[in-house]
Amino acid sequence: MKKLLNTLKLMKIMILNGPNLNFLGIREKNIYGQDNYQDVCRHIMDRLDNRDIEINIFQSNIEGEMINILQMAYMEKYDGIVINPGAYTHTSIALYDAIKSINIPTVEVHLSNIHQREEFRHKSYTAPACIGQICGFGKEGYILAVEGLIVRLSEQNFGK
Ligand code: DQA
């Protein structure tokens, strides 16, 4: 029955990456790894290919554009969001407000372990608007976040 319902309506999950993440493979490789942004996106899509979900990946260097994309997630009825807000994590009340506004379960991801790094990275403005945070697992963090969302959405009787 669940399988049937899932074929009627797939879980729709957005991955939203913030500033400078398009520079993966160029920026601070000792922290963020060798893979470029396309490699990371391909890895995410390949690893989640066998899951019954629709997944769309977005990236913006601009705070307001990220808010527009989050509002689009609301309009287009996304079921869950994985967000890596980049440095806006540590500054943006506007992104916190946007995540709260749309009321879609959201998981915050960071490639690096922000708690092991400079003190200004220890505070996340956006994490309190999220259902959870994953950091320090590199690109695998995105997979873990999506798997967590699938569990949470299934608990909430997604599709029933
Ligand atoms: C990051 C951590 C942030 O502190 C930093 O500004 C980034 C990347 C991460 O994925 O580890 O741009 O979000």
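Residues: numbered from 1 along the sequence shown. Read the numbers this way: they start at 1 and go in the same order the structure lists the ligands and their atoms.
Taking the ring centre of Phe120 as origin, the terminal cationic atom of Lys123 falls outside the region bounded by 6.0 Å and 45° from the ring axis.
Note on Asp97 versus Lys100: no salt bridge recorded, every NZ/NE/NH1/NH2 to OD/OE distance being 4.0 Å or above.
The CD1 atom of Ile102 sits 4.5 Å away from atom CG of Leu70, with the distance rounded to the nearest 0.5 Å. From Asn68, atom CG reaches atom CZ of Phe58 across 12.0 Å, with rounding to the nearest 0.5 Å.
Screening Leu149, Ile81, Asp79 against Ile104 for a side chain to side chain contact (heavy atoms under 4.5 Å, CB included) leaves a single residue, Ile81.
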Under 3.5 Å, N/O to N/O: give me all the pairs between ligand 1 and the protein, one per line with atom names and distance.
unit_1	atom_1	unit_2	atom_2	d
ligand 1	4 (O)	His90	NE2	2.7
ligand 1	4 (O)	Arg121	NH1	2.9
ligand 1	6 (O)	Ala87	N	3.2
ligand 1	6 (O)	Arg121	NH1	3.1
ligand 1	10 (O)	Asn84	ND2	2.9
ligand 1	10 (O)	Leu111	N	2.8
ligand 1	11 (O)	Leu111	N	3.2
ligand 1	11 (O)	Ser112	N	2.9
ligand 1	11 (O)	Ser112	OG	2.6
ligand 1	12 (O)	Arg27	NH1	3.1
ligand 1	12 (O)	Arg27	NH2	3.2
ligand 1	13 (O)	Asn84	OD1	2.8
ligand 1	13 (O)	His110	ND1	2.8

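Using a 30° and 60° split on the angle between ring planes, His90 and His110 fall in the parallel class, below 30°.
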